[in-house]
J.: 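Sharing a structure, written as structure tokens. Questions coming.
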Amino acid sequence: MPELPEVETVRRMIAAHVLGRTIARARTSGLALRGPVARDLPRRLAGRTLTGARRVGKYLLLDLDGELTLLSHLGMSGVWRFWEEPPAERLEHVHARLAFRDGGLLVYQDPRRFGLLELHPTAALARHPALRALGPDPVADPPTGERLRALARGARTPVKPFLLDQRRIAGIGNIYASEVLFRARVSPRRRAGTLTRAEWDAVARETVATLDEAIERLGTTFRTYRNLWGEPGAYGERLLVYDREGEPCRSCGRPIRRLVQAQRSTFWCAHCQSAARATGRPRRSRSR
DNA sequence: ATCCTATCCTGTAGGC
DNA sequence: TGCCTACAGGATAGGA
């Protein structure tokens, strides 16, 4: 669900509106998310002041005074919501509820419970296995074609699942992987190790451009994603291939196709993303 | 090492 | 209408 642009949107909103507030009371649901949520989380959060909001890949890091950090991942269906005062409506699937002394309320909701909530000493995060395994964040540390090509050397995995692997680049998910490859004119089926330097240059360039544009539009709402105010992201209307099976390619007009790679849908244009076009050779010679 | 598969969980859309 | 299946933005353990 939430990929880098969606998490970044929420991070910015929390940084702008929730920083500096002090937690009066915290509650958890008692249900496990991706892993168990510590039973003493509410007690350890009470009295803490939110001092920072950081992001690494798809992870959101909420810094608290006392050198503590609440590590959060939204999984497929997680959302952080904020209200200046508790809403009248009944909230479903709430797994964390942070009530601030000034009346504000920060809530984590996650129906599918693939998310993650852990409290760690800030200094210990550098040793956190999930964070340590992450590749560079493409916003903080933009990829280059050269680096990607070196990473992919010998890789037989198709390039689309390759981009989804957070150990190589942290933050690209299923929507933006398809979008980036379409914009780079690279077929999702190509084995990562076979892309040329020029193709990796295009992938690196389009990764940064796509994520930047999506952040600017507050992310993509495919189904459940909402920002801190419960609003959907506006990048959905800009999607070129994702969830557009059968609809005309915005570049050549041929139908967008769907295929399944590593159990995930991939959307692409077989014409615009053919190897022949990528290398500048016409697919079929029309020469006299 | 590398790659693919199944799995965690709930909600929803579409076919019949 | 209801029932059933497939699928959904992610990560990861296990097997080949």
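Letters A, B, ... are given to chains in the order of the sequence lines, protein chains preceding strands, and every chain is numbered from 1.
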J.: Would you kindly give the OH-to-C1' distance between A:Y176 and C:dG10, to the nearest whole Å?
T.: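 Spelled out: OH on A:Y176 to C1' on C:dG10 is 15 Å.
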J.: How does the hydrophobic cluster around A:V260 look, that is, which other residues are in it when side-chain heavy atoms under 4.5 Å mark a link?
T.: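 Grouped by the 4.5 Å side-chain rule, A:V260 forms a cluster of one, so the answer is none.
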J.: Tell me: CD1 of A:I172 to P of C:dA11, nearest whole Å?
T.: 12 Å
J.: Between A:Q263 (CD) and C:dG10 (C1'), how many Å, whole number?
T.: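 Going from A:Q263 (CD) to C:dG10 (C1'), I get 13 Å.
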J.: I'd like to know if A:E237 pairs up with A:R250 as an ion pair, taking the criterion as any Lys NZ or Arg NE/NH1/NH2 lying under 4.0 Å from an Asp or Glu carboxylate oxygen.
T.: no
J.: What's the CZ-P distance between A:R34 and C:dT12, to the nearest Å?
T.: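 It works out to 6 Å between those atoms.
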J.: Examine B:dT10: is either OP1 or OP2 under 4.0 Å from a nitrogen or oxygen in the side chain of A:S77? Give yes or no.
T.: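 Result: no.
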J.: Report which part of the nucleic acid A:Q166 touches: base, sugar-phosphate, or nothing (heavy-atom distance under 4.0 Å, all strands).
T.: sugar-phosphate
J.: Would one find more than 12 heavy atoms of other residues, nucleotides or ligands at under 6.0 Å from atom CZ of A:R25?
T.: no
J.: Using the P atom on both, measure B:dT5 against C:dC7 and round to a whole Å.
T.: 15 Å
J.: Can you tell me how far C1' in B:dT12 sits from the matching atom in C:dA11, rounded to whole Å?
T.: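 Here B:dT12 and C:dA11 have their C1' atoms 23 Å from each other.
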J.: Of all the nucleotides listed (C:dG10, C:dA8, B:dT5), which has the minimum atom distance to the side chain of A:R112?
T.: C:dA8
J.: For A:K160 and B:dC4, what is the distance between atoms NZ and P respectively, to the nearest whole Å?
T.: 12 Å
J.: Which value, in whole Å, describes the distance between the P atoms of nucleotides C:dC3 and B:dC9?
T.: 24 Å
J.: Give a yes/no verdict on a cation-pi contact between A:R185 and A:F182, requiring under 6.0 Å between NZ or CZ and the six-membered ring centre and an angle within 45° of the axis.
T.: yes
J.: Can A:R190 and A:E199 be said to form a salt bridge (Lys or Arg N to Asp or Glu O under 4.0 Å), step by step?
T.: CA-CA 11 Å; A:R190 292 276 302 286; A:E199 288 172 322; 2.8 Å; yes
J.: Let me know the distance between CG of A:L33 and C1' of C:dT12, rounded to the nearest Å.
T.: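 So the CG-C1' distance, A:L33 to C:dT12, works out to 16 Å.
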J.: May I ask you to say what A:A155 touches in the nucleic acid, namely base, sugar-phosphate or nothing, with a heavy-atom cut-off under 4.0 Å?
T.: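 Since only primed, P, OP1 and OP2 atoms lie under 4.0 Å of A:A155, the category is sugar-phosphate.
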J.: As a test of reading the structure: which of C:dG10, B:dG11, B:dC3 is closest to the side chain of A:P111, going by heavy atoms?
T.: B:dG11
J.: Would you check if A:F114 stacks with the base of B:dC8, given a 5.5 Å centroid limit and a 30° plane limit, both strict?
T.: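 Yes, aromatic ring over the base.
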J.: Roughly how many Å is it from CD in A:Q261 to C1' in B:dT5, rounded to a whole number?
T.: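 In whole Å, B:dT5 C1' lies 15 Å from A:Q261 CD.
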J.: So, does A:R264 get its side chain near the phosphate of C:dG10, meaning an N or O under 4.0 Å from OP1 or OP2?
T.: yes
J.: Starting at atom CG of A:D165, determine the distance to atom P of B:dA1, rounded to an integer number of angstrom.
T.: 14 Å
J.: One thing to verify: whether A:E8 and A:R11 come together as a salt bridge, which I'm taking to mean a side-chain N less than 4.0 angstrom from a carboxylate O.
T.: yes
J.: For B:dT2, which nucleotide is its Watson-Crick or G-U wobble mate, given both distances must be under 3.5 Å?
T.: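 With both distances under 3.5 Å, B:dT2 matches C:dA16.
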J.: I want to check one thing: is the phosphate of B:dC9, taken as OP1 and OP2, less than 4.0 Å away from some side-chain N or O of A:H93?
T.: no
J.: Looking at A:R113, does any N or O in its side chain come under 4.0 Å of the phosphate oxygens OP1/OP2 on B:dT10?
T.: yes
J.: For A:S265, answer base if it contacts any base atom (sugar-phosphate contacts may also be present), sugar-phosphate if it contacts only those atoms, and nothing otherwise; contact means non-hydrogen atoms under 4.0 Å.
T.: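 Contact class for A:S265: sugar-phosphate only.
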